[in-house]
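Below you'll find the structure, written out as structure tokens, and then a few comments.
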There are 2 protein chains.
Amino acid sequence: MVTQSATRSRTPRGQGRAKLLEAAGDLFSEQGVSGTSLQSIADRLGVTKAAVYHQFASKDEIVLAVAEPVIERLRQIADAAVGYSEEEGRAIAIDGLVELALAERGTAAVMRRDPTMAQLLDSHPPYLEQIARIEAALLGPRPSSARRLALAFAGGGIMALGALPGLDGPHEEVHAGLVAAMTRALTI
Amino acid sequence: MVTQSATRSRTPRGQGRAKLLEAAGDLFSEQGVSGTSLQSIADRLGVTKAAVYHQFASKDEIVLAVAEPVIERLRQIADAAVGYSEEEGRAIAIDGLVELALAERGTAAVMRRDPTMAQLLDSHPPYLEQIARIEAALLGPRPSSARRLALAFAGGGIMALGALPGLDGPHEEVHAGLVAAMTRALTI
DNA sequence: GTCTATAGATAGATAGAC
DNA sequence: GTCTATCTATCTATAGAC
């Protein structure tokens with residue numbers, strides 16, 4: 001029951017935007033980006049399309065905005081892995097990716113597998129940069145082709161989890177299981 | 001330069017259909033199912049939409065027809081793994097899945113990750129049946145939750161490979177690398 | 001087996017009132 | 001910040017001629 005800091009607005013600044021992005025992200029992971037219309041986003045929010053266009057100039061802008069928090073977390077993971085030994089850096093990156101995959105389940109999966117999203121991200125330097133940094137941390141210097149293959153496999157595995165229904169078991173257990181699976185996949 | 005067995009038709013029976021499915025499959029893996037219109041399929045074939053509708057009654061029918069050869073291969077894999085020890089059966093299933101993922105790269109990836117395709121397959125018993133059989137071969141009886149988690153991870157990894165550009169290296173090497181990665185992921 | 005033509009719905013996007 | 005109304009383009013799908 002905290003009073004909003006300084007404003008009296010019924011819908012606090014940026015909250016409409018946040019709600020919109022949440023709805024859009026959910027729909028993207030359920031139906032894909034191409035399969036999600038601005039109308040369906042508006043419907044889920046109980047507003048009209050025009051209200052959506054008031055906050056974003058285009059659908060692409062929404063797609064990128066949905067991806068942005070994940071990109072920010074990728075940056076934090078890459079930052080955290082810097083300055084450690086190869087082995088420690090890899091463990092930190094794996095742990096961060098697993099945590100990210102579990103926290104932003106749907107969005108992480110969409111980013112990895114949706115063609116529309118992938119095309120947008122392919123020309124989005126901030127994303128490419130963080131991916132490159134994390135891959136470097138996972139692969140180490142002069143990686144063998146077997147090692148790069150293992151990373152492609154593991155990357156697909158970890159980020160594909162959003163497609164799964166339950167992923168039963170307590171968070172700690174799932175987290176540990178995924179870290180173990182990913183570490184095994186990359187230990188070569 | 002072999003004479004078509006008994007017919008004189010310029011386009012042998014079913015070849016139009018096969019070409020259509022090839023074009024559709026390529027477009028699905030490039031742009032997703034929702035992102036691919038019947039018009040774009042027709043364009044790639046150099047015909048009109050009406051010609052496409054002559055061969056298939058609906059888009060869903062095309063989607064399922066694209067998936068069908070992969071489902072058939074899944075059946076063969078499941079069949080091949082029957083009647084061996086748990087360990088041997090698992091090795092056979094892994095080898096078959098890797099071969100399938102490499103041979104039907106794009107389609108296998110689409111089937112695993114495209115929301116439209118996934119929804120269709122979710123109510124397509126022939127697919128569900130083969131997936132269940134293969135999962136059983138990979139998991140063995142009474143699998144632990146850690147083991148099921150590892151399978152989800154590995155399944156995503158192997159089928160996500162279609163999204164990758166080159167997958168450099170000779171086929172034998174890539175095949176062996178993927179079998180190794182998958183075996184490591186499932187060895188728990 | 002391929003075409004033209006078109007129906008009917010929906011897509012992304014914009015203008016302007018409140 | 002949300003609305004009504006509308007634009008244009010495209011979508012899936014069908015009818016019927018060649």
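Values below: every heavy atom of this structure, side chains too, minus hydrogens, waters and symmetry copies. A, B, ... follow the sequence lines: proteins, then strands. Residue 1 opens every chain.
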* Nearest-nucleotide wise, let me know which of A:Leu38 and B:His54 is further upstream toward the 5' end of DNA chain C. => B:His54
* Structure fact -> From OH of A:Tyr53 across to P of C:dA17 the rounded distance in Å is 21 Å
* Asked: Is a donor on one side and an acceptor on the other found under 3.5 Å between the side chain of B:Lys49 and the backbone of B:Asp43?
  -> no
Report the nucleotide, chosen from [options], that has the shortest atom-to-atom distance to any side-chain atom of [X].
X: A:Ala50; options: D:dA13, C:dT14, D:dC11; value: C:dT14
X: B:Val47; options: D:dT2, C:dA11, C:dT2; value: C:dT2
X: B:Ser58; options: D:dT12, D:dA13, C:dA13; value: D:dA13
X: B:Lys49; options: D:dT12, C:dG12, C:dC3; value: D:dT12
X: B:Ala51; options: C:dG12, D:dT14, C:dT2; value: C:dT2

* Excluding sequence neighbours, so at least two apart, what forms side-chain contact (heavy atoms from CB on, under 4.5 Å) with A:Leu128? -> A:Asp122
* Who pairs with A:Tyr53 by side-chain contact (heavy atoms from CB on, under 4.5 Å), at least two apart in sequence or on another chain? -> A:Leu38
* Indicate yes or no: does A:Glu86 engage A:Arg90 in a salt bridge with an N to O separation below 4.0 Å. => yes
* To do: Considering just the side-chain nitrogens and oxygens of A:Thr48, establish if one lies under 4.0 Å of OP1 or OP2 belonging to D:dC3.
  => yes
